[in-house]
Structure formats: structure tokens, C-alpha cells
There are 2 protein chains.
Amino acid sequence: MSDLLLPPQATQVGLAVDVAAFAMHAGELRVLLVQRGELPHARDWALPGGFVHPGEELHEAALRELRTETTVELEPRHLEQFFTFGEVNRDPRGRIVSVAHLAVLPAGAVEVSGGGHTLGAAWLSAHDPPRLAFDHQAILDRALGRLQLRLEYANLALEFLPDTFTLPELQGVFEAILNRKLDKRNFRKRVLSQGALLPSGERRSGVGRPAQLYRRAKNARTPAL
Amino acid sequence: MSDLLLPPQATQVGLAVDVAAFAMHAGELRVLLVQRGELPHARDWALPGGFVHPGEELHEAALRELRTETTVELEPRHLEQFFTFGEVNRDPRGRIVSVAHLAVLPAGAVEVSGGGHTLGAAWLSAHDPPRLAFDHQAILDRALGRLQLRLEYANLALEFLPDTFTLPELQGVFEAILNRKLDKRNFRKRVLSQGALLPSGERRSGVGRPAQLYRRAKNARTPAL
DNA sequence: CCAAAAGTGTTTTCCCTACACCCATGT
DNA sequence: ACATGGGTGTAGGGAAAACACTTTTGG
């Protein structure tokens with residue numbers, strides 16, 4: 001691997017990844033944010049991210065940043081590159097190109113603490129986040145758009161839930177992501193007709209009639225692109 | 001813009017763009033390819049592309065590569081980033097990250113000649129291309145997938161045609177991209193009901209009954225994402 | 001008048017939407 | 001018993017798919 005072969009006009013740039021990691025918390029769609037501990041934008045909220053190490057694949061870098069910056073204890077159920085932000089002046093430190101990734105974490109991944117060079121980490125409202133550093137609001141916007149698209153195509157909603165879940169819980173995931181109410185009967189008809197869900201035992205919630213528990217069928221995978 | 005602020009573990013990588021530029025030719029979907037004049041992969045076919053210059057935006061680099069490597073005389077009607085290929089060993093020269101772009105050129109953009117460091121350029125079959133250099137077959141596959149998706153959403157098909165066109169021509173664009181036949185009556189019903197097309201004069205083809213010419217309505221734009 | 005391509009309608013099916021009441025449990 | 005949330009069915013509208021013949025031109 002000799003960089004001497006690179007032509008002289010080749011721009012050497014900083015290569016970074018940023019991760020918009022989503023999870024459900026308190027019936028709401030949340031995104032994982034870190035409070036920056038360094039300049040620029042010290043003390044501002046930002047998406048977890050950082051520079052790709054030499055010899056490290058892009059998705060590996062995304063996973064590493066998730067782990068070291070935020071100490072989430074669960075593995076992402078979905079990780080996908082969705083856009084590359086390369087505007088010349090997007091970062092005051094120089095030409096830094098960021099390959100943005102979308103991650104989905106299951107419910108239960110709510111305990112986070114800051115790690116690395118951050119002051120802290122928290123799951124905050126995805127639809128109404130605080131002011132974000134750099135162009136991270138634009139990244140988050142696009143991540144939300146992609147997440148909404150994926151929801152219809154793939155059965156990405158299941159990745160937000162534990163192995164067994166109720167239909168009202170699943171509907172809650174859809175409503176949180178799409179940011180609107182859905183009709184209960186039409187929703188059940190639609191997801192059950194896909195044949196990707198299997199009933200199991202039963203369960204009681206705090207109040208009201210207990211809900212049937214479901215489990216994802218053996219097939220039913222998340223397609224590509 | 002001082003790169004001295006970059007932390008030491010920041011990977012400096014080569015930043016490149018590659019362009020999958022599509023156009024219709026002889027009733028077939030073609031992709032613009034260049035024959036490489038330099039190592040590695042000399043004399044192999046490849047997507048036009050190259051390194052981003054300092055201070056140059058990604059889409060500017062994509063346009064420049066199109067122009068200098070292939071001497072196409074027409075402007076792209078659509079240009080969109082669709083995926084970033086950053087695998088560690090995708091290029092023997094070192095860590096080179098390529099932001100792949102999808103371009104659409106109108107019919108008539110068929111005269112191309114090699115430029116820059118290439119031996120030549122040609123519009124070749126998009127669905128059955130020759131062996132390609134690097135990971136360019138993977139890039140092309142993904143570009144085709146994205147193009148097919150975009151076709152349904154946006155009215156991207158119009159970008160393949162001159163200002164005035166016939167409905168059979170438009171149907172030919174759809175069929176070439178989707179790689180399957182469509183029903184004539186259902187097709188006409190669908191596109192005319194969108195209200196994005198306006199009739200104008202008439203026209204004779206070589207043989208058979210002349211077809212009505214259409215023009216795109218004033219509104220009807222290509223949406224984002 | 002013949003070849004060649006353009007143009008035209010109807011029927012059926014499927015999916016999405018709207019909509020209101022009963023059921024099972026905990027307190 | 002009652003409060004709370006879970007569960008169920010049907011009817012109407014609109015989009016998509018299947019399907020064959022007539023029309024207009026050039027040669």
C-alpha cells in the first residue's frame with residue numbers, strides 16, 4: 001500500500017464517521033447524543049462520531065465510536081451508511097468528510113454514559129433535539145428521512161424491540177418514527193398479513209387486558225440498499 | 001483552515017468520486033465508461049472518476065470528471081450522490097474512499113471521446129457491461145438499483161429525453177431501466193394522470209402512425225433524498 | 001392495400017382507509 | 001363495579017393489472 005502512487009492533485013482529507021443511533025425510550029423516538037468535551041463546539045451536543053483509523057473499515061469505525069463515546073451496552077441491530085457529508089467548510093478544522101451511518105438499538109439500550117473525550121451522553125428526542133454542533137442537524141434530518149423510508153420497506157421496526165413484544169408496542173414504534181397516529185385495526189391487519197410474526201404466550205401490562213406476545217418468524221430479513 | 005488541529009489518529013485518505021452516468025442509446029440503457037490509460041487496471045473499462053481537488057465540492061468534482069475524462073457535450077440533467085465505497089483494500093494504491101454519484105444525461109449525449117488520461121470513452125450496455133476495474137461493477141449495480149427506485153418516485157425518466165418526446169419513447173425509457181416490458185395502455189393512463197405532461201404538435205416516425213409529441217409541464221420537479 | 005406503430009376502455013382485483021364496540025384483566 | 005388498555009370486522013374508493021381491436025400513416 002504505497003501512497004507514492006497517488007497523483008499529486010489527490011486531496012488528502014480527514015475521513016470521519018458519524019452515527020445517528022435510534023432507540024425507543026418512554027414511548028418516544030430518541031437519538032443518542034454526546035456532549036462534546038473539546039473544541040470546536042465544546043459543550044454542544046453532537047452525534048457520536050470521529051475519525052476512521054488506518055486500516056479500519058467504515059462500519060467498524062462507526063461501531064467503535066458508538067462504544068467508546070457512549071458506553072452503550074447493547075449491539076446495534078441495524079447499521080447502515082446513508083449519506084456522505086463532504087462540504088468544504090463543514091468543519092473549521094479542515095476538509096473533513098463524514099460518512100454518516102444510521103443505527104438502530106433495541107429497547108433496553110437506555111443506560112449510557114459519556115466516554116472518550118465527551119462530557120456525557122444521553123438519549124434525547126429525535127424529533128425535537130437540542131441545538132447540534134457542526135452540520136449534525138442536517139445529518140439527523142436525513143437520518144430520520146431514511147429511517148422512515150426503511151420502516152415501510154424492511155421490517156426495521158422489529159429491531160427496536162426485544163425478542164418478544166406486543167402488537168401495541170410495535171405500533172408504538174411505527175407511530176414514534178412516523179410521528180403520527182395509526183389506526184389500530186388497519187395496523188394489525190397489515191403486519192399480521194405479512195406473515196413475519198408468530199404468537200407465543202401471554203403477558204400482563206400494568207393495567208388493562210393483557211396483550212398477546214409475538215416473536216419474529218425465522219425468515220423475514222432486512223433487505224439491502 | 002489549519003490541518004494542525006486534526007488529532008493524530010485521523011486517517012488521511014485519498015478522496016475520490018466516481019460517476020455512473022446513464023443515457024438512452026439505440027433503445028437501450030447505456031452507461032458511460034472510459035478505458036483506463038494508466039496503472040492500475042490499464043486498458044480496462046471503468047466508471048469515470050478521480051480525485052477531488054482541494055477546495056472542490058463533491059458534486060463539482062463529479063461534474064469535472066465527467067467533462068474532462070469523456071468530453072460529453074451535454075450537461076447532466078440529474079446528479080446525485082448515492083453511496084460511498086470505502087473498503088480498505090478496494091484500491092491497490094492505498095486507502096481511497098470514493099463517493100459514487102449517479103448522473104442522467106439526455107438522449108443526444110452519445111458522442112463521447114476520451115480525454116485526460118483515458119484511452120477512450122464509450123456508452124456501453126448498462127445491464128451487460130464489460131469487465132470493470134476495481135469494484136466498479138459493484139458501484140454500477142448499486143447505481144442501477146438506485147436508478148430504478150428513483151424512476152418510480154421522481155419523474156426522472158423525463159431527464160433521459162429531449163424537450164419534446166412521444167409516449168412510446170417515454171415508455172421505452174421505463175422499460176430499458178426496469179429491464180422489463182410494460183403494458184401500453186396502463187402506462188399511458190398512469191403517466192397522463194399525473195398531469196405533468198402537455199401535448200404539442202405532431203411527428204412522424206420512420207414507419208407507422210405518427211405519435212403525439214409531449215412536453216413536460218412547468219411544475220413537476222425532481223424531489224430530494 | 002399492406003405493413004408498422006400509435007392510440008383507445010372496460011373489468012377485475014387488491015390494497016388502503018374509515019369507522020365502533022366488546023373483552024380480559026387489576027384494583 | 002369500573003377503569004384501562006387489548007382485540008375484532010366490514011364496507012367503500014382508488015389504484016394497478018389484465019386484456020384486443022381500431023386508426024393513421026408511408027411505401
Side-chain angles (χ1 to χ4, degrees), chain A residues 24 26-28 107 148-149 151-155 157-158 160-162 164-215 220, chain B residues 24 26-28 107 148-155 157-158 161-162 164-215 220:
Chain A
M24 292 293 296
E28 198 190 31
Q148 288 170 350
L149 275 187
L151 194 60
E152 331 252 1
Y153 272 67
N155 41 341
L158 295 182
F160 282 88
L161 295 171
T164 67
F165 52 89
T166 67
L167 289 189
E169 283 167 357
L170 183 60
Q171 183 173 348
V173 174
F174 274 81
E175 291 179 339
I177 293 174
L178 297 177
N179 215 12
R180 63 189 168 92
K181 284 288 181 191
L182 299 177
D183 180 90
K184 203 198 318 186
R185 286 171 287 191
N186 294 335
F187 177 79
R188 299 168 81 91
K189 221 179 312 173
R190 185 154 61 89
V191 301
L192 289 178
S193 70
Q194 316 253 97
L197 265 43
L198 296 175
S200 58
E202 210 169 273
R203 178 204 199 183
R204 58 181 46 91
S205 45
V207 287
R209 171 175 174 176
Q212 175 66 258
L213 281 173
Y214 288 85
R215 183 182 306 278
Chain B
M24 291 294 295
E28 197 190 30
Q148 288 170 349
L149 275 186
R150 279 285 176 279
L151 194 60
E152 332 252 359
Y153 272 66
N155 41 343
L158 295 182
L161 295 171
T164 66
F165 52 88
T166 68
L167 288 189
E169 283 167 357
L170 183 60
Q171 183 173 348
V173 174
F174 274 80
E175 292 179 338
I177 294 174
L178 298 177
N179 214 11
R180 62 187 170 93
K181 284 288 180 190
L182 299 177
D183 181 88
K184 203 197 321 186
R185 286 170 288 189
N186 293 336
F187 177 80
R188 299 167 82 90
K189 221 180 308 174
R190 184 155 62 89
V191 301
L192 289 178
S193 71
Q194 316 252 98
L197 266 42
L198 296 175
S200 56
E202 210 170 273
R203 180 205 197 183
R204 59 182 45 89
S205 46
V207 288
R209 173 174 171 176
Q212 176 64 259
L213 281 172
Y214 287 84
R215 184 181 305 278

- Roughly how many Å is it from CG in A/Leu213 to C1' in D/dG6, rounded to a whole number? 12 Å

- Within 45° of the axis and under 6.0 Å from the centre of the six-membered ring of B/Phe174, does NZ or CZ of B/Arg190 qualify? yes

- Taking all heavy atoms of A/Arg215 and all of A/Phe165, pick out the closest pair and write down the distance. CA-CE2, 4.3 Å

- Note on the structure: B/Lys184 atom NZ is separated from C/dT8 atom P, nearest whole Å, by 10 Å

- Query: Side-chain N or O of B/Arg185 less than 4.0 angstrom from OP1 or OP2 on D/dA18?
  - Reply: no

- Closest to side chain of B/Pro168, choosing from C/dC19, C/dA6, C/dC23: C/dA6

- Item | Interatomic distance, A/Leu170 CG vs D/dG6 P [rounded to whole Å] | 13 Å

- Query: In whole Å, what is the span from the CD atom of A/Gln212 to the P atom of C/dT25?
  - Reply: 12 Å

- Query: Which nucleotide in the set C/dG7, D/dC19, C/dA24 lies at the smallest distance from any side-chain heavy atom of A/Pro210?
  - Reply: C/dA24

- Query: Pick the nucleotide of DNA chain D nearest each of B/Gly206 and A/Asp183; which residue has the one closer to the 5' end?
  - Reply: A/Asp183

- Query: Which whole-number value in Å describes the distance from A/Arg203 CZ to D/dT4 P?
  - Reply: 20 Å

- Examine D/dG7: is either OP1 or OP2 under 4.0 Å from a nitrogen or oxygen in the side chain of A/Arg188? Give yes or no. yes

- Could you tell me the separation between the CG atom of A/Asn186 and the C1' atom of C/dC19, rounded to a whole number of Å? 9 Å

- Rounded off to whole Å, could you give me the CZ-to-P distance for the B/Phe187 and C/dT8 pair? 14 Å

- Proximity to the side chain of B/Lys189 - top-ranked nucleotide from C/dA5, D/dA17, D/dG6: D/dA17

- Message: Starting the side chain at C-beta, find the nucleotide from C/dC19, D/dG7, D/dT25 nearest to B/Glu202.
- Response: D/dT25

- Message: Would the distance check show the side chain of A/Glu169 and the main-chain N or O of A/Thr166 forming a donor-acceptor pair, the cut-off being under 3.5 Å?
- Response: yes

- Query: Which nucleotide, D/dA18, C/dC19, D/dA16, lies nearest any side-chain atom of B/Arg190?
  - Reply: D/dA16

- Message: Is there a side-chain contact between A/Arg204 and the phosphate of C/dG26, meaning an N or O under 4.0 Å from OP1 or OP2?
- Response: yes

- Rounded to the nearest Å, what distance is computed from the CZ atom of residue A/Arg209 to the P atom of nucleotide C/dA24? 5 Å

- Message: Under a 3.5 Å distance rule, please check whether A/Glu202 uses its side chain to pair with a backbone N or O of A/Leu213 as donor and acceptor.
- Response: no

- What are the two closest heavy atoms between B/Gly27 and B/Ala176, and how far apart are they? O-CB, 4.3 Å

